[in-house]
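First comes the structure, then the notes that go with it.
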Protein chains: 2
Amino acid sequence: MRDPERTRASILGAAFDEIYHRGFHDTSVNEIVGKTTLTKGAFFHYFSTKNDLGYAIADEVLKEMVLERWIRPLAAYKNPVQGIISRFRKIIESTPDEHMALGCPLNNLTQEMSSVDPVFREKLRAVMQLWISETEKYLTKAREQGYLKPDVNPRQVAEFVVMVEEGAFAMVKNLRDKKVYWSLYGSLKGYLESISQKPTEQLSA
Amino acid sequence: MRDPERTRASILGAAFDEIYHRGFHDTSVNEIVGKTTLTKGAFFHYFSTKNDLGYAIADEVLKEMVLERWIRPLAAYKNPVQGIISRFRKIIESTPDEHMALGCPLNNLTQEMSSVDPVFREKLRAVMQLWISETEKYLTKAREQGYLKPDVNPRQVAEFVVMVEEGAFAMVKNLRDKKVYWSLYGSLKGYLESISQKPTEQLSA
DNA sequence: TGGTTAATATACCATTTGGTATGATAACTA
DNA sequence: TAGTTATCATACCAAATGGTATATTAACCA
C-alpha cells in the first residue's frame, strides 16, 4: 500500500504548484502538505528542510520542464531557427491564461531566491546554463547547415533567445496582456530572420 | 529638530535597500527600522501597513528610477535609437557588480508580488507601462525623423526594447557573469540596426 | 502661555513559521 | 515469525512576524 516514490513525487508536485502560485517565502510547509493527503511528518522524512525541497524543485522539476518545453521539441525541425520560432508560437498558444499571469517558474524562483541563498543560485544557474547550451547546439547546427549567416555567434544568439523567452513571460506577467506576447514574438521572429539566410545547396553527394 | 519629510524618506530609502537585497517577504519591519535611527512607532505612523510601504516604493521610488535611468537621458541624443543603444551601454558600465547580482528592482518586486497582491500588480504594471510608453515616444520620433524604416511599429519595438532591458538584468543576475550583459547588448544593437536606416534629407527648409 | 495635534518611542500580543520529538504502522528480512 | 527499518502521523515548541496600545515628546496655534 505504501509507495515512497509516489509519495515524494506528490509532495514535490504540490510544492511546485503552490510555490509557483504564491512564491517560495509565502508558501508554508503546512500549506504544501495540506494540498496532499499527507502530513508534516512525511514531508520532513523526504526533505530535511524547506530549502532542500526548493533545491529538489530546481534540480528535478525545473530542469525537466525546460528540456521538455524548450529543447526536446526542436529535434523535430529541419531548420532549427524555424524550430525556435515555431516552438515559441506553440508555447504562446498552448499556455493557459492563468499560467501567463504567473510567469516563468524558473524566473520567479530565481528573482526571489538567487540573491538570498547561494545554493539556490547555483542550482538555478545550472538550469539556465543548460537551457542556453542546448539552444546553442541547435544554432551551431543551423549555421553549419547554412540557415544562419556565417558570421553569427551561436552562443551570443542562444543567450539572447533564452533571455527573450524568459523575458517575454516576465513582461506578460506584469502587463497581463497576452497581445504583448505576440508583439514580442514578432520582434524575435524579425531578429532571427535578420541573421538568417537561405541555405546554399550542400556539396554532399 | 523634527523633519517629517526626511523621516519618511529615510524609511522609504532603507526599506527599498533592504527589499532590493532580500526580497519583500524576507524583509521584516524590524529590519527596516533597524537600518534607520527610528523605531517601529515611526514606521507605522507613516505607513499603516507593510504592504502600504511596498505600494509607496512602487509609486515613488521605482517610477522615479525608471524615468531617471532609462527615459530622461534619451533627450540628449539627436538619434533616439542611438540614444537607446548608448544608454544601455552606459548603464552596463556604471552599474556596480553588486547591483548586477541583485537584478532589476522593478522586475524583482514584480515577480515576487504581482501574482499575489492585486494592488501591487496594478502599481507595478503602471510603472512598466510608463517605461514602455515613454520609450515608444522616442521611437516614434525616430521614425518620423527617418532613423527607422517606415514600416516599423514603434509600440512593438518599445515593448521589445524594454523587455530586453529588463530581461538582460534578470539573466545576468542568474548567471552572475557580466560578459553576458555585453553579449545581450550586442544582440540588441544588431536588432535595432536591422530596423534602422540612414535618415533621408529632410524636406524642411 | 496653554492646549491640541502630529511625530516618535516602548512594550506587548496573537499568529504563523520551520522544525523536532516521538509515536504508530507497514514492509522487508533473517 | 520476530525483529529491524523505512515510512508516515501527531503533538508540540521556540522564534519571528506584522501589528496594536499606549506613552512621551516636539511643534504649532489661538
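Residue numbers begin at 1 in each chain, while the letters A, B, ... track the order of the sequences.
For B:Arg176, the side chain to side chain donor-acceptor pair (under 3.5 Å) test picks out no residue, with sequence neighbours left out. Shown here are the salt bridge (Lys or Arg N to Asp or Glu O under 4.0 Å) partners of B:Asp17, two or more places apart in sequence or in another chain: there are none. Here A:Ser48 pairs with A:Asp52 under the side chain to side chain donor-acceptor pair (under 3.5 Å) rule; sequence neighbours left out. Taking the ring pair (Phe, Tyr, Trp, His ring centres under 6.0 Å) definition, one finds that A:His99 meets it with A:Tyr20, sequence neighbours left out. Contacts of B:Arg22 classified as side chain to side chain donor-acceptor pair (under 3.5 Å), with partners at least two apart in sequence or in another chain: B:Glu31. In this structure, B:Phe44 has no ring pair (Phe, Tyr, Trp, His ring centres under 6.0 Å) partners at least two apart in sequence or on a different chain. When the side chain to side chain contact (heavy atoms under 4.5 Å, CB included) test is applied to A:Asp3, the partners found at least two apart in sequence or on another chain are A:Glu5, A:Arg6.
Straight-line distance from the CZ atom of B:Phe43 to the C1' atom of D:dT20: 14 Å, rounded to whole Å.
Non-hydrogen atoms lying under 4.0 Å from DNA chain D are contributed by nothing in residues 51-60 of chain A. Within residues 21-34 of chain A, no residue has a heavy atom under 4.0 Å from DNA chain D.
Screening residues 124-152 of chain B for ring-ring contact (aromatic ring centres under 6.0 Å, His included), with sequence neighbours left out, gives B:Trp70-B:Trp131.
No side-chain heavy atom of A:Val127 sits less than 4.5 Å from a side-chain heavy atom of A:Asp59.
Closest non-hydrogen pair, A:Gly23 versus A:Glu112, comes out as CA-OE1, 3.6 Å.
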## Note on the structure
The contact string for nucleotides 5-11 of chain D, one letter per nucleotide 5' to 3', using protein heavy atoms under 4.0 Å with B, S and - for base, sugar-phosphate only and none, comes out as -BBSBB-

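A cation-pi contact links B:Lys50 to B:Phe24, judged by a cut-off of 6.0 Å to the six-membered ring centre and 45° from its axis.
Put simply, chain B comes within 4.0 Å of DNA chain C, heavy atom to any atom, from C:dA6 to C:dT10, going 5' to 3'.
Classification of B:Arg72 and B:Glu64 as a salt-bridged pair holds, one side-chain N sitting under 4.0 Å from a carboxylate O.
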